[in-house]
K.L.:
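Structure in structure tokens, see below.
Start at 1 with the first residue, then count along the sequence. Indexing begins at 1, ligand by ligand and atom by atom, following the structure's order. Everything numeric here is computed off the predicted structure, so don't read it as measured data.
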Amino acid sequence: MIGTSLALALAPLGLRIAVVEAVERSASEQPSFDDRSTALSRSTQRMFEAMGLWPEIVAAATPVASIHISDRGRFGFSHIAADEQGVEALGYVVINRVLGSVLQRTLRDVADVDVICPARIIDVEIEPDQANARVELENGEKLALHCSLLVAADGANSSVRGELGIAAQTARYEQRAVIGNLLPEKPVANRAFERFTEQGPLAILPLADERAAFVWTVSEDEAERVLALKDAEFLKELQEQFGYRLGLLSKVGKRVAYPLQLSKALQLTAERSVLIGNAAHGLHPVAAQGFNLGMRDVAALCDCIADAQNAGSDFDPGDAQLLERYADWRRADQKKLVGFTDGLVKLFGSSRRPLRALRNLGMLGFDLIPGVRSLFAKHTMGLAGRLPRLSRGMPLK
Ligand SMILES: Cc1cc2nc3c(=O)[nH]c(=O)nc-3n(C[C@H](O)[C@H](O)[C@H](O)COP(=O)(O)OP(=O)(O)OC[C@H]3O[C@@H](n4cnc5c(N)ncnc54)[C@H](O)[C@@H]3O)c2cc1C
């Protein structure tokens with residue numbers, strides 16, 4: 001999702017780009033453009049607007065008019081509404097496969113971009129004036145690619161990151177996110193729900209045709225058990241966790257579980273190379289921010305490259321100062337989001353008394369202290385801090 005988006009975002013600069021992707025989009029095991037639904041933030045929306053892709057994406061997406069946040073077994077809840085924040089939607093929900101078809105179809109028509117797929121980067125060698133990547137095609141044939149800048153966008157278990165000698169800190173949450181979709185009895189009416197339960201957070205997101213997507217976080221052992229349940233039993237347990245705000249839940253579709261971990265690369269760049277998206281930071285999906293954070297990496301990298309190209313004839317997209325500017329720009333946002341999502345999981349996942357008291361106070365403060373909700377909404381919409389051109393909805397060129 002992030003690598004393809006970067007190639008599309010850079011298209012106006014006329015650079016020669018190769019995208020190497022291991023798994024074809026149509027393959028059932030495609031790990032990025034799969035059956036999950038992604039909540040796109042306002043800043044991601046602006047980026048796709050600036051890239052001219054928004055009309056096609058919005059036609060397949062469902063707007064989120066409000067978010068209802070609650071803690072199972074407690075009375076307190078909070079509510080954020082788009083109209084209160086002065087925006088037409090807090091975000092848009094799109095199925096990854098659908099987003100993938102828009103992005104990849106568009107990419108095929110961009111001159112100067114070669115898509116090499118299915119193919120895998122198997123090793124990397126960096127020289128002072130170029131990065132070299134060895135690529136293995138499906139039939140075993142090998143290709144050698146030489147470039148000024150190598151971008152690793154190969155996900156949380158990035159092998160390219162390892163090839164570059166960049167270490168990552170990882171911590172397993174010992175939880176899995178069980179995803180799928182279902183049909184609630186009452187209209188979802190563009191509402192998203194985030195419910196914190198003893199096991200972990202449970203999100204319900206609005207989809208087209210009155211269906212809803214769910215992301216249910218459960219412990220590793222529980223995941224095996226709930227995946228094996230018959231549909232009716234699964235719905236009964238989900239209903240118990242979620243309650244009856246949407247009436248009876250029915251018609252659950254295919255369920256898939258994702259292991260959850262926090263990962264942080266210890267460096268964002270190395271000589272002639274940069275990490276973006278999950279290769280740089282893999283988050284818990286509790287706040288639906290991973291893809292959106294990766295898109296802000298894309299926007300900032302595009303800005304740094306466009307500025308360097310505008311500055312003069314000795315333009316080099318892999319220049320060390322350009323990469324340093326990029327890393328300086330992105331560090332704070334990434335650190336904040338990693339801390340925020342990890343903190344939410346720990347705060348709401350704990351049954352320890354002091355933390356429970358803190359979270360009750362937190363929920364209260366969230367609703368009662370003026371400005372706290374707006375600040376939270378601004379951060380989750382991706383509109384805080386210094387924004388690159390694309391995140392402001394401005395074309396690169
Ligand atoms: C259950 C769940 C729900 C989520 N919901 C949201 C949400 O609502 N909003 C949000 O913003 N984020 C969400 N996220 C996070 C989001 O899915 C990720 O942040 C996003 O997928 C990261 O994209 P990426 O392109 O960096 O990595 P990935 O999606 O992991 O893609 C990596 C790609 O690299 C390819 N690859 C790997 N190795 C190689 C190699 N050696 N050579 C070539 N190609 C290779 C893979 O085939 C894959 O296509 C969610 C995550 C989960 C698990």
K.L.:
With a cut-off of 3.5 Å and sequence neighbours excluded, list every side-chain donor-acceptor pair involving residues 1-17.
P.N.:
from  : atom 1 : to     : atom 2 : distance (Å)
Ser5  : OG     : Met1   : O      : 2.5
Arg16 : NH2    : Asp114 : OD2    : 3.1

K.L.:
So, is the end of the Arg176 side chain (NZ or CZ) under 6.0 Å from the ring centre of Tyr258 and within 45° of the ring's axis?
P.N.:
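Verdict for Tyr258: no cation-pi partner in Arg176.
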
K.L.:
Quick one, Phe234 and Arg225 - any side-chain contact, counting heavy atoms below 4.5 Å?
P.N.:
no

K.L.:
Could you pull out every donor-acceptor pair under 3.5 Å between side chains of residues 96-105 and any protein atom, sequence neighbours left out?
P.N.:
from   : atom 1 : to    : atom 2 : distance (Å)
Asn96  : OD1    : Thr38 : OG1    : 2.6
Asn96  : ND2    : Ser32 : O      : 3.1
Asn96  : ND2    : Asp34 : OD1    : 3.4
Arg97  : NE     : Asp35 : OD1    : 3.0
Arg97  : NH1    : Phe33 : O      : 3.4
Ser101 : OG     : Val98 : O      : 3.0
Gln104 : OE1    : Arg25 : NE     : 3.0
Arg105 : NH1    : Glu56 : OE2    : 2.7

K.L.:
Check ligand 1 for N or O atoms under 3.5 Å from a protein N or O and list each pair with its distance.
P.N.:
from     : atom 1 : to     : atom 2 : distance (Å)
ligand 1 : 8 (O)  : Ala39  : N      : 2.8
ligand 1 : 9 (N)  : Ala39  : O      : 3.4
ligand 1 : 9 (N)  : Ala288 : O      : 3.2
ligand 1 : 11 (O) : Ala288 : O      : 3.3
ligand 1 : 11 (O) : Gly290 : N      : 3.4
ligand 1 : 11 (O) : Phe291 : N      : 2.9
ligand 1 : 11 (O) : Asn292 : N      : 3.0
ligand 1 : 11 (O) : Asn292 : ND2    : 3.1
ligand 1 : 12 (N) : Gly290 : N      : 3.4
ligand 1 : 12 (N) : Phe291 : N      : 3.0
ligand 1 : 17 (O) : Arg36  : NH1    : 3.1
ligand 1 : 19 (O) : Asn278 : OD1    : 2.8
ligand 1 : 19 (O) : Phe291 : N      : 3.2
ligand 1 : 25 (O) : Met1   : N      : 3.3
ligand 1 : 25 (O) : Ile2   : N      : 3.0
ligand 1 : 26 (O) : Asn278 : N      : 2.9
ligand 1 : 29 (O) : Ser32  : OG     : 2.6
ligand 1 : 31 (O) : Ser32  : OG     : 3.4
ligand 1 : 41 (N) : Ile121 : O      : 3.3
ligand 1 : 41 (N) : Ser159 : OG     : 3.4
ligand 1 : 42 (N) : Ile121 : N      : 3.0
ligand 1 : 44 (N) : Ala22  : N      : 3.2
ligand 1 : 47 (O) : Glu21  : OE2    : 2.6
ligand 1 : 49 (O) : Glu21  : OE1    : 2.7
ligand 1 : 49 (O) : Glu21  : OE2    : 3.0
ligand 1 : 49 (O) : Gln30  : NE2    : 3.3

K.L.:
Given the ring of Phe193, does Arg245 sit roughly above its face, with NZ or CZ under 6.0 Å from the centre of the six-membered ring and within 45° of the axis?
P.N.:
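That pair does not qualify as a cation-pi contact.
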
K.L.:
May I have all residue pairs that pass ring-ring contact (aromatic ring centres under 6.0 Å, His included) and include part of residues 90-120, sequence neighbours excluded?
P.N.:
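Of all non-adjacent pairs touching residues 90-120, those that pass ring-ring contact (aromatic ring centres under 6.0 Å, His included) are Trp54-Tyr92.
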
